[in-house]
K.L.:
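What follows is a structure written as structure tokens; I'll ask about it next.
The analysis underlying the following values was restricted to heavy atoms, covering all of them including side chains, and did not include hydrogens, waters or symmetry mates. Please read these numbers as outputs of a predicted model, since none were measured by experiment. For ligands, and for the atoms within them, numbers begin at 1 and follow the listed sequence.
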Amino acid sequence: MRRKLIAGNWKMNNTPEEARALLAELLPLIKGASCDVAVCPPAVCLETVYKAVSGAISLGAQNMHWEAKGAFTGELSAAMLLAVGAAYVILGHSERREYFGETDETVNRKTRAAIASGLIPIVCVGESKQQRLNGYTNAYVAYQTKIALTGLSAEQVRSIVIAYEPIWAIGTGLVATDEQANETIGVIRAALREAYGGAADDARILYGGSMNAANARGLLNQPEIDGGLIGGASLKAADFAKIITDASNIA
Ligand code: PGA
């Protein structure tokens, strides 16, 4: 049985002070949650968030470099993220692929480095609107998934998290239907099964893309959907708490 994971991706929002205020509102609302919860704040807030949540929520970063150290201005290593309490790291988010030159190959390097260091990667995959319209969704997400995980063992794949995030649904208010999301996540799991056998049944695959307090329950009720990666709605304590409650009630 896969435990549901609700992860908030704050993107480039919240100073440390704002992070503390948001968490002060959120924490009382999610006491007794029985799903896994993570927040992924901007790097400058990692330490603040770690201290503020005192174990109630896991911490995730939004990106990392694959090298352990060196002349990579502006980058952070896995060891640095671990040192401030991160357990997860989002890798290959479509915004990083689109605006910051991430490729399937760099996502794979980062994924291998994260796993080797003990961080749990949340690897993002997802098709564009044009790819969906042209009927390439299944082939594309299966391909992206396989490239991202190249070089991992089945044992390593068991603990991984993948986020299926159709690009057309991110930050747009457009959401995949429950059935579309379930079906595509099923395709990703089938690709994992083909490459890694039974480990595919342990890997968690989240849905992301305009998941909110109103639509989360339907999505989370789908058998293939193991949780959510939530952007906009994770910035509002009441909305994020409602999603966590829905996930807990299903889990
Ligand atoms: P959204 O973002 O919930 O604001 O659509 C999701 C994501 O980009 O992870």
K.L.:
Suppose we screen for side chain to side chain contact (heavy atoms under 4.5 Å, CB included). Which residues come up paired with E75, at least two apart in sequence or across chains?
P.N.:
N63, H65, F72
K.L.:
Side chains of R189 and D226: closer than 4.5 Å at any heavy-atom pair?
P.N.:
yes
K.L.:
Work out which heavy atom in S248 is nearest to a heavy atom in C35; give both atom names and the distance.
P.N.:
OG-N, 3.5 Å
K.L.:
Is R20 salt-bridged to E17, cutoff N-O under 4.0 Å?
P.N.:
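A salt bridge is absent here (no side-chain N lies under 4.0 Å from a carboxylate O).
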K.L.:
So which protein residues pack against ligand 1 under 4.0 Å, heavy atoms counted?
P.N.:
N9, K11, H93, E165, A169, I170, G171, G209, S210, L229, I230, G231, G232
K.L.:
After noting the C-alpha distance and the side-chain angles of Y196 and I160, does the key distance pass the side-chain contact (heavy atoms from CB on, under 4.5 Å) rule?
P.N.:
CA-CA 12 Å; Y196 303 100; I160 208 163; over 6 Å; no
K.L.:
Step by step, would you call T137 with V187 a side-chain contact (heavy atoms from CB on, under 4.5 Å)?
P.N.:
CA-CA 9 Å; T137 297; V187 167; over 6 Å; no
